[in-house]
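Take a look at the structure set out below.
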Protein chains: 2
Amino acid sequence: MAKVTIKEIAQISGVSTATVSRVLNNAGGYSDKTKRRVLDVLEKYHYQTNVMAKGLRTRQTKSIGVVLPDLTNEYFAKIAVAIEHVLMEKGYSINIYNLSEDANKERLMIRDLESRGVDGLIYVSGYKDLPKKVKYQSIPVVCINRLEEMDKEVPVIESDHQYGGYLAVRTLLEKGSKKIVMLRDERDILPINFRYQGYLEALKEYGYQSDSRLICRIPFNVGHAQEAITTLIENGIDFDGIFASSDLLAIGALKALQIHEIKVPVDVQVVGFDNVTFSQYSHPTLTTIHQATDQLGERASELLLDLMNNQNLDSNKRMVVPVDLVERETTR
Amino acid sequence: MAKVTIKEIAQISGVSTATVSRVLNNAGGYSDKTKRRVLDVLEKYHYQTNVMAKGLRTRQTKSIGVVLPDLTNEYFAKIAVAIEHVLMEKGYSINIYNLSEDANKERLMIRDLESRGVDGLIYVSGYKDLPKKVKYQSIPVVCINRLEEMDKEVPVIESDHQYGGYLAVRTLLEKGSKKIVMLRDERDILPINFRYQGYLEALKEYGYQSDSRLICRIPFNVGHAQEAITTLIENGIDFDGIFASSDLLAIGALKALQIHEIKVPVDVQVVGFDNVTFSQYSHPTLTTIHQATDQLGERASELLLDLMNNQNLDSNKRMVVPVDLVERETTR
DNA sequence: AGATGTAACGTAATCGATTACGTGAGTTAA
DNA sequence: TTAACTCACGTAATCGATTACGTTACATCT
């Protein structure tokens, strides 16, 4: 069952390889009769183009790279799936590069990316630090979520983080919270900072001052979130609402509240961010800001396709995907 | 900054492409002096081999395919990451094919897989139905988790599902449960059936009869799990332990128990399966059977590497990865 | 000295496609 | 009738590597 090549197809159908190739690519320049004959043979012998031969000649691999911080994080996995969904239909295959935390791996990844000659790249930036000196040579790149260093060079698709933060906090305020904690990743990552801006914006709109004691900057994990809220409680700092910059942190907060027998949402209301699957199963279920991961992935893919076809496009494009509020049990 | 080819490197270093190639591949047949000179030029011009040209000639892509049911499921994502970790170090890149539920996509995927000529394939079977008629032609395949149809043809790496089920139920029995519900996926998927066997085995060992009213076969999602347990309660069927074939189902069970104010673990103990991240944040935190996803991925990758190098290996290999119990709050 | 072996290369074919260019047959227009 | 065009192909170069085979120079052996 050795693979059949274009040359053999040509021989069998009594034409040249050029004609077979033309038929394969719908390029015209053949009669209907030959077309049908060639197609028949193609079908009969289960011809499959050798992607490498084609790629060598055309300088296209029909594959694109997706670089992301952590595939086991549902948020990124969902984006990856959305990307795959769009691009696979267009005949592209997806090479996923999972950065994990391995600096060494980043090198390997970049080398690999370059020598494989992917046709395009989607860079999903996230909670990890990102490489500064990656030179994305001449292939089109689009970035999901903003990344300080690339800011000006690469088109970006991102959620409306600031409005999300605003929406979360406005909701808390509307439902009666007055002293709202912001529980956030300690690092100055742009999306997180935008959410913080939204927090400030909402407070201001409702005539409240922001209180620096209520801003908790912590490492990104459940334990630290729990600890931070515990500390607030034990220090007797008064609050009746929590906006967590991520559902994971919200979960930690809920734990701390539960241990101290503070009732949610009666005594304290909580709003998270991301709307991960887990948030609908926590106790109580979590009100959160939903990020449309599917849209992020789809838009990025479509934009990348555009860039790869006509590179005349404005590479300074920026696109904002709306977020929305999912109300569950942690708000009244 | 056009890419430099082997021909140019040859010209610059004053040798033939053959020699450059030999140096590149450490094939011998050149003096130390030339070797050094060529390496210098290679370095200086940042030579990167064109994977497609090389692949065309050698019939190797240095890439492997990973087919899995659902990338957004943490369990599969973790396996994928473990695979990537091993294989990337060996210079392979990973093409992930996410089946989702799309039958049409499966076709596309198979075509793609074949025409790209991946060097090997890791097939992670799971909770979805699987293709029967995939002909994995001549490339090495290894399968993670058993799959009825492939059973005899392909080497398999799997968790010790039966022992896991046994361990879960034995733990419940040891800690005082007497009437144990099994909450399981309704489909006859081998891993699930093995877990069920373990359930039976433990009951038998402790001298209990299995009660068919306590075996709940349900569609794989949280809502149905909750519903199933609710039904048991409302029908007055007595039980004091639950073994869920998956953490997700356990979460649904916990919800139902909580709504009916049945205390966990005092009135009912619960053990799940998988040890997903979420299980340590549920309320109460979930005792569960941990699957070593990293080992599954690593072993599979190593086996695949073996198969790709010396194909003399016994393709009937089977390997079982141990599971273990993680005790948390849902057991006494 | 002449035969033989070997290290260190170079030459050119090859992998499986695409595509610029050439060619012959048939059609149309003057 | 003949020049000019068009259509439907075929020929052969090309992409960037690998590698079988040939060649040269030099050392070794008899």
Side-chain angles (χ1 to χ4, degrees), chain A residues 1-39 41-42 45-63 91 111-112 114-119 138, chain B residues 1-39 41-42 45-63 91 111-112 114-119 138:
Chain A
M1 201 65 93
K3 290 188 190 166
V4 46
T5 72
I6 202 175
K7 198 185 279 180
E8 301 171 288
I9 295 292
Q11 230 155 32
I12 295 167
S13 25
V15 296
S16 72
T17 63
T19 298
V20 177
S21 175
R22 282 189 274 253
V23 170
L24 278 170
N25 297 294
N26 262 304
Y30 41 79
S31 68
D32 268 10
K33 204 167 49 169
T34 16
K35 173 177 175 178
R36 226 159 297 155
R37 186 151 33 95
V38 171
L39 282 178
V41 179
L42 247 18
Y45 290 83
H46 302 107
Y47 174 80
Q48 309 226 145
T49 356
N50 179 318
V51 176
M52 284 177 298
K54 178 165 185 163
L56 177 58
R57 187 63 233 257
T58 62
R59 299 158 174 298
Q60 287 195 45
T61 50
K62 281 285 181 181
S63 75
R111 285 197 72 76
D112 195 83
E114 289 184 342
S115 69
R116 282 188 193 275
V118 296
D119 296 342
S138 48
Chain B
M1 201 67 91
K3 291 188 191 165
V4 46
T5 73
I6 201 175
K7 197 186 277 181
E8 300 172 289
I9 296 292
Q11 228 154 34
I12 295 167
S13 24
V15 296
S16 72
T17 63
T19 298
V20 176
S21 176
R22 283 189 273 254
V23 170
L24 278 170
N25 297 293
N26 262 304
Y30 42 79
S31 68
D32 269 12
K33 203 166 53 170
T34 16
K35 174 178 176 177
R36 225 159 299 152
R37 184 152 34 95
V38 171
L39 282 179
V41 178
L42 247 20
Y45 290 85
H46 302 106
Y47 173 80
Q48 308 226 145
T49 96
N50 179 318
V51 177
M52 283 177 300
K54 178 166 186 161
L56 177 58
R57 188 61 233 258
T58 62
R59 302 162 170 295
Q60 287 194 43
T61 50
K62 282 283 179 182
S63 75
R111 286 195 72 77
D112 194 83
E114 290 182 342
S115 69
R116 282 187 194 276
V118 295
D119 297 342
S138 48

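Keep in mind that what you see is a predicted model, and the values were worked out from it rather than measured. So you know, we letter chains A, B, ... as the sequences are listed, proteins then strands, and number each from 1.
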Check for a donor-acceptor pair, side chain of B:K62 on one end and backbone N or O of B:V51 on the other, with a separation under 3.5 Å.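 Side chain of B:K62 to backbone of B:V51: no pair is present.
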
Could you tell me whether a side-chain N or O of A:S21 sits under 3.5 Å from a main-chain N or O of A:T17, the two making a donor and an acceptor?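 No, A:S21 side chain to A:T17 backbone: no donor-acceptor pair under 3.5 Å.
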
Just verifying a value: how many Å separate [X] [atom1] and [Y] [atom2], rounded to the nearest 0.5 Å?
X	Y	atom1	atom2	answer
A:M52	A:T49	CE	OG1	11.5 Å
B:R59	A:N50	CZ	CG	7.5 Å
B:L42	B:Q48	CG	CD	10.5 Å
B:L39	B:L24	CG	CG	8.0 Å

A:Q60 versus A:D119, closest heavy-atom pair with distance: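 For A:Q60 and A:D119, the tightest heavy-atom pair comes out as CA-OD1, 3.5 Å.
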
Have a look at B:T5 and say if it touches a base, only the backbone sugar-phosphate, or nothing, with a 4.0 Å heavy-atom cut-off.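 B:T5: backbone/sugar contact only, no base atoms under 4.0 Å.
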
Determine the contact category for A:R22: base if any of its heavy atoms lies under 4.0 Å from a base atom, sugar-phosphate if only primed atoms, P, OP1 or OP2 are that close, otherwise nothing.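 If one applies the 4.0 Å heavy-atom cut-off, A:R22 turns out to touch a base.
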
What pairs meet the salt bridge (charged side-chain N to carboxylate O under 4.0 Å, His left out) rule with one or both residues in residues 17-33 of chain A, with sequence neighbours excluded?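 As it turns out, the salt bridge (charged side-chain N to carboxylate O under 4.0 Å, His left out) pairs with a partner in residues 17-33 of chain A, which skip direct neighbours, are A:D32-A:R36.
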
Let me test you: for the helix from C:dA1-D:dT30 to C:dA30-D:dT1, what is the angle between the axes at its two ends (five pairs each), rounded to 10 degrees?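 The value is 50°.
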
Name every donor-acceptor pair, under 3.5 Å, that has one atom in a side chain of residues 6-14 of chain B and the other anywhere in the protein, sequence neighbours excluded.
unit_1, atom_1, unit_2, atom_2, d
B:E8, OE1, B:T5, N, 2.7
B:E8, OE1, B:T5, OG1, 3.4
B:S13, OG, B:I9, O, 2.4

When you measure from every atom of DNA chain C, which of residues 48-58 of chain B have a heavy atom less than 4.0 Å away?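 Here the set is B:L56, B:R57.
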
Quick check on contacts: within residues 9-16 of chain A, what sits under 4.0 Å from DNA chain C by heavy-atom distance?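 Residues of residues 9-16 of chain A under 4.0 Å from DNA chain C: none.
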
Do B:R116 and A:S63 make a side-chain contact, defined as non-hydrogen atoms from C-beta onward lying under 4.5 Å apart?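 SC-SC contact between B:R116 and A:S63 confirmed.
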
Judged by each residue's nearest nucleotide on DNA chain C, which is more toward the 5′ side, B:R59 or B:S31?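 Looking at DNA chain C, the more 5' nearest nucleotide goes with B:S31.
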
With a 4.0 angstrom cut-off to heavy atoms of chain A, pull out the first and last contacting nucleotide of DNA chain C, in 5'-to-3' order.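 The contacted stretch runs from C:dG16 to C:dT19.
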
